[in-house]
Every structure is written in structure tokens, then in C-alpha cells.
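Below you'll find the structure I mean.
Position 1 is the first residue of the sequence; numbering continues from there. Quantities reported herein were computed from a predicted structural model and do not represent experimental measurements.
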Amino acid sequence: MSTAEGIIDLRSDTVTRPSDAMRAAMASAPVGDDVYGEDPTVNRLEALTAERLGTEAALFVPTGTQSNLLALITHCQRGDEYIVGEDAHTYKYEGGGAAVLGSIQPQTVAHEPDGSLSLERIASAIKADDFHFARSRLLCLENTIAGKVLPQAYIADAAALARSRGLLFHLDGARIFNAAVKLGIDVRDIACQFDSVSVCLSKGLGAPVGSVLCGEGDFIEAARRWRKMLGGGMRQAGIVAAAGIVALEQNVARLAEDHANARRLAELLLGTPGITLSMDEVQTNMVFVQVAAGQSDALSRHMEERGILISGRGRFRLVTHLDVDAADMDRVAGGFQAFFRA
Ligand SMILES: *Cc1c(COP(=O)(O)O)cnc(C)c1O
């Protein structure tokens with residue numbers, strides 16, 4: 001179902017509005033001062049997330065950006081470097097926080113077509129122990145990445161490489177549940193490969209705000225200190241954590257619907273003259289369509305006039321989520337087809 005205004009917003013899975021169940025849970029959440037560790041709802045969310053991911057501990061944070069930053073500055077020291085994909089959110093879309101605030105140098109690696117970083121490229125990016133070089137300290141992956149799921153065997157190989165070379169291993173798992181649902185596996189089977197995992201509650205899981213950083217107890221306690229320093233120590237945060245609990249309890253399995261809707265949309269668009277689209281990329285809740293760059297503005301305007309919001313230039317990313325359904329996909333495909341027929 002599209003929003004009350006009849007708008008179909010495919011710009012991101014961050015645009016969902018909290019459900020009635022979430023709002024009710026928020027209104028009735030028992031709260032306390034979480035900086036004192038006294039918010040029972042935050043404590044419940046952290047325990048629940050740790051349990052779901054199979055980690056010792058977890059920390060509720062305002063955003064995924066802060067969660068990744070906490071992981072990097074907790075794992076790395078000033079003058080260390082982390083190895084990361086050149087299109088990774090952590091590197092590209094988080095304001096360079098690890099470098100700016102953590103004095104951690106990013107060493108980027110080009111992605112393979114499936115979103116992974118080749119083990120050869122990672123290995124050759126790891127620097128020798130030589131005082132000319134920054135110290136290679138951590139490897140960071142993202143799963144899902146651009147809607148694609150990293151193969152489990154690949155993650156195991158990357159983990160073995162990281163371990164053998166003395167690197168810590170962090171996952172930007174903003175959409176780790178999309179990956180687990182797509183593979184039909186327990187999310188723990190992904191999380192267990194890493195030293196730390198960041199999970200977004202505010203993407204496909206539909207919570208209004210919040211992410212959770214997961215890892216070992218000592219790591220989480222160290223991250224808690226950095227969270228306070230970065231201004232992420234929130235007080236009666238149970239008000240928002242309550243929505244996160246509903247997200248984890250009610251909105252994980254249904255991610256399969258988002259994946260089915262994305263597939264439906266892609267199939268409807270396939271073969272439309274003027275649109276290039278690869279079904280190989282349609283694995284979870286994202287569809288990427290390529291149109292002639294010069295048509296981008298006109299296309300966006302045409303769609304907006306039909307109450308459909310999309311984002312991109314040349315290459316458009318269409319993201320499905322809780323607030324769109326199968327009938328909306330028909331409307332979106334119709335909008336595209338009308339544009340390219342005209
Ligand atoms: C959204 C997102 C984040 C963090 O986003 P915030 O907007 O800061 O919550 C991190 N990584 C990926 C892959 C994301 O999609």
C-alpha cells in the first residue's frame with residue numbers, strides 16, 4: 001500500500017513511516033536514562049539484537065553512520081588503515097568520518113561485479129609491516145551491497161584471509177537481514193564470520209530511527225565510550241528503541257515481499273525500449289535501471305507527476321519497502337512505459 005497521499009516513494013527503504021504497532025509500542029514503552037544504562041526498552045532491544053545476531057553484546061545508536069564509525073574507531077588506532085570497497089557506504093557516503101574523526105586511512109579496493117572485493121585485491125592492498133606505511137588493521141565488507149548478496153563461501157574465505165593477516169573484520173550489515181532472508185539462512189550464519197556487525201533498523205525493517213552495533217562485550221563497552229564522545233548517548237531512548245523491537249519481531253520475514261516486489265517490477269520493466277536492466281542485479285529489494293543520461297530530468301518529472309518518486313541520473317535505483325505493494329509496482333512500470341512510449 002502506498003502512503004496516504006498516494007505517493008509511491010522508491011527513492012530508498014528509509015522512507016517508511018512507523019506502523020500503528022510501532023507507534024503503540026513507542027507510546028507505552030517503559031523508559032529510563034540510557035546513559036546510566038537504565039532504559040529497560042533500550043536494554044531489551046540490545047539484548048534482542050545480540051541474540052538474533054548471535055553476538056555477545058550490542059549497542060543502540062542513532063544512525064548506521066555512527067554505528068560504522070564507532071566500529072572503525074574502536075577497532076583501529078590513529079594511523080591505522082582499513083581496507084574497504086570503493087563504493088562502500090562507509091567509505092563513500094559517511095562524510096569520510098573514519099579519516100576525519102578517527103585518523104584512520106581508508107585503503108579502497110575496486111568491487112567485482114557481484115559486489116565482493118577479490119581476495120587477490122585485498123591481499124595486495126594489505127601493507128607490509130614497514131614504518132613508511134599505515135598499519136593495515138581492518139577489512140570492511142558490506143552485505144547486501146547495492147542490493148546484492150555476498151556469497152557465504154566468499155565471506156568465509158575473506159574472514160580466513162583477514163584472520164591469517166591479522167586484520168579485524170567488520171560488516172556494514174545495514175541490510176544483513178535482507179541477505180539472510182534471501183539466502184533462507186539464520187542471520188547468525190552471516191554475523192558469526194565477523195568481529196563486528198552494524199545493522200540498520202531504519203531501512204527495510206521499517207523503524208523510524210536507529211541502528212545497532214553488535215560484537216563482543218569488551219568491544220561494545222569500548223564503543224560505548226566513543227558513542228558518548230560523538231554525542232550519541234541518548235537519554236529516554238526507549239521511545240525509539242521500542243519501534244526497533246517491533247521491527248525485529250515483525251518485519252524480518254516479510255522482507256521476502258520486498259524482494260518479490262522488486263523482482264516483479266524488474267520483470268515488468270524488462271524489454272522496455274529505452275531502459276537497460278540486468279536481472280542479475282535484482283537479488284533483494286533494489287532494481288537498477290539505466291536510461292540515457294539526457295532523459296533523467298524529464299523522466300523524474302514525468303514520474304513525479306504520477307506520484308512516483310525515484311532517484312538517480314542515468315542510472316536509477318528503485319527500492320522496495322514496507323510502504324509499497326505489488327499493485328504499486330504495476331503503476332511504476334506503467335509510468336516508465338508511458339514515458340518511453342511517448
Ligand atoms: C543507510 C546505510 C548506512 C547508514 O545509514 P544512516 O543513514 O546513517 O542510518 C550504512 N550502510 C549502508 C549500506 C546503508 O545503506
Can you tell if the side chain of I190 reaches within under 4.5 Å of the side chain of L171, non-hydrogen atoms only? yes
Got S211 and Q66 here, is their nearest side-chain heavy-atom distance under 4.5 Å? no
Should M329 and V324 be marked as a side chain to side chain contact (heavy atoms under 4.5 Å, CB included) after you check the CA-CA gap, both sets of side-chain angles, and the distance that decides it? CA-CA 8 Å; M329 299 302 104; V324 296; 3.8 Å; yes
Does any N or O in the side chain of H321 come within less than 3.5 Å of the main-chain N or O of K203, such that one atom is a donor and the other an acceptor? no
Tell me which one of T90, N68, T74 satisfies side chain to side chain donor-acceptor pair (under 3.5 Å) with H170. N68
Provide the closest heavy-atom pair for G37 versus N43 in the form atom of the first, atom of the second, distance. O-ND2, 3.1 Å
Atom CG of residue position D130 - does it have more than 12 heavy atoms of other residues, nucleotides or ligands inside 6.0 Å? yes
Take a 6.0 Å sphere around CD of E216 and say whether it holds more than 12 heavy atoms from other residues, nucleotides or ligands. no
Side chains of L322 and R254: closer than 4.5 Å at any heavy-atom pair? yes
Show your reasoning for whether side chain to side chain contact (heavy atoms under 4.5 Å, CB included) applies to D323 and V15. CA-CA 8 Å; D323 290 353; V15 300; 6.0 Å; no
More than 12 heavy atoms from other groups under 6.0 Å of CZ on R44: no
Answer yes or no: is there an ion pair linking D87 with K92, defined by an N-O contact shorter than 4.0 Å? yes
Closest non-hydrogen atom pair, S296 against G314: OG-N, 2.7 Å
Please test F177 against L248 for side chain to side chain contact (heavy atoms under 4.5 Å, CB included), starting from the C-alpha separation and ending with a verdict. CA-CA 10 Å; F177 282 102; L248 283 174; 3.8 Å; yes
Those residues at least two apart in sequence (or on a different chain) that pass side-chain contact (heavy atoms from CB on, under 4.5 Å) with E38 are Y36
Distance from L53 atom CG to D186 atom CG, nearest 0.5 Å? 9.0 Å
Assess whether salt bridge (Lys or Arg N to Asp or Glu O under 4.0 Å) is satisfied between R264 and E267, documenting all intermediate values. CA-CA 5 Å; R264 177 186 181 91; E267 282 166 353; over 6 Å; no
Pair R301 + E304, salt bridge at N-O below 4.0 Å: no
Can you name the closest pair of heavy atoms from A242 and A29 and give their distance? CB-CB, 3.7 Å
Shared hydrophobic cluster, F169 / V212 (ILVMFWY, side-chain heavy atoms < 4.5 Å): yes
When you measure from the side chain of D195 to the backbone N and O of G215, does any donor-acceptor pair fall under 3.5 Å? no
Give a yes or no on whether a salt bridge exists between R235 and D39, defined as a side-chain N under 4.0 angstrom from a carboxylate O. no
Under a 4.5 Å cut-off applied to non-hydrogen side-chain atoms, are P30 and T41 in contact? yes
Take a 6.0 Å sphere around CG of D218 and say whether it holds more than 12 heavy atoms from other residues, nucleotides or ligands. no
Shortest non-hydrogen contact from V181 toward A256: CG1-N, 3.8 Å
So D297 and R313, salt bridge (Lys or Arg N to Asp or Glu O under 4.0 Å) or not? Walk me through it. CA-CA 8 Å; D297 290 343; R313 276 199 75 78; 2.7 Å; yes
Using a 3.5 Å distance criterion without hydrogens, assess whether the side chain of R331 forms a donor-acceptor pair with backbone atoms of R306. yes
Do any N or O atoms from the side chain of S116 and from the backbone of E112 form a donor-acceptor pair under 3.5 angstrom? no
So, T144 side chain and V149 main chain: donor-acceptor pair closer than 3.5 Å or not? no
Separation between CD (E46) and CD1 (I245), nearest 0.5 Å, reads 10.0 Å
Check ion pair D34-R227 (N to O, under 4.0 angstrom): yes
Nearest heavy-atom approach of L59 to I220 is CB-CG2, 4.0 Å
Assign the ring pair F340 / F336 to parallel, tilted or perpendicular, where the plane angle (0 to 90°) is split at 30° and 60°. parallel
Report the distance from atom CD of E81 to atom CZ of R135, rounding to the nearest 0.5 Å. 11.0 Å
Indicate, with yes or no, if L213 and L45 share a hydrophobic cluster defined by side-chain heavy-atom contacts under 4.5 Å among Ile, Leu, Val, Met, Phe, Trp and Tyr. no
From L72 CG over to L168 CG, what is the distance, rounded to the nearest 0.5 angstrom? 10.5 Å
Do L167 and V197 share a hydrophobic cluster, counting only Ile, Leu, Val, Met, Phe, Trp and Tyr and linking them when any side-chain heavy atoms are less than 4.5 Å apart? yes
Hey, does the side chain of T284 reach the backbone of H259 with a donor-acceptor pair shorter than 3.5 angstrom? no
Donor-acceptor contact present, side-chain N285 to main-chain D258, <3.5 Å: no
Is it possible for you to say whether V291 and L269 belong to one hydrophobic cluster, with membership spreading through side-chain heavy-atom contacts below 4.5 Å? yes
Under a 4.0 Å threshold between the charged nitrogen and the carboxylate oxygen, would K148 count as salt-bridged to D280? no
For a 4.5 angstrom cut-off between non-hydrogen side-chain atoms, does S311 reach F316? no
Within the supplied structure, the quantity of interest is the number of heavy atoms (other residues, nucleotides, ligands) at a distance under 6.0 Å from Y91 OH; does it exceed 12? no
Nearest heavy-atom pair of M22 and P208: which atoms, and what distance? SD-CD, 4.2 Å
Walk me through whether S198 and S67 qualify under side-chain hydrogen bond (donor to acceptor under 3.5 Å, both in side chains). CA-CA 6 Å; S198 172; S67 187; 2.8 Å; yes
Heavy-atom donor-acceptor pair, Q193 side chain to Q152 backbone, under 3.5 Å: no
Taking the side chain as everything from C-beta on, heavy atoms only, tell me whether T49 gets closer than 4.5 Å to F60. no
Any donor and acceptor pair, going by atom type alone, linking the side chain of N251 with main-chain N or O of L205 inside 3.5 Å? yes
Start with the C-alpha distance between Q107 and S136, add both sets of side-chain angles, then the distance that settles side chain to side chain contact (heavy atoms under 4.5 Å, CB included), and finish with yes or no. CA-CA 9 Å; Q107 167 64 62; S136 303; over 6 Å; no
Sub-4.5 Å side-chain heavy-atom contact between L299 and M303: yes
Does the side-chain hydrogen bond (donor to acceptor under 3.5 Å, both in side chains) test come out yes or no for E94 and H89, once each step is laid out? CA-CA 7 Å; E94 296 179 9; H89 198 281; 2.6 Å; yes
Heavy atoms, side chains only, cut-off 4.5 Å: are R263 and M279 in contact? yes
Can you tell me how far apart CD1 (I126) and CG (L161) are? Round to the nearest 0.5 Å. 5.0 Å
Can you check whether L117's main-chain N or O pairs, donor with acceptor, with Y154's side chain at less than 3.5 Å? yes
Separation between NZ of K228 and CZ of R225, rounded to the nearest 0.5 Å: 12.0 Å
Please answer: with hydrophobic residues joined when any side-chain heavy atoms are less than 4.5 Å apart, are I275 and V319 in the same cluster? no
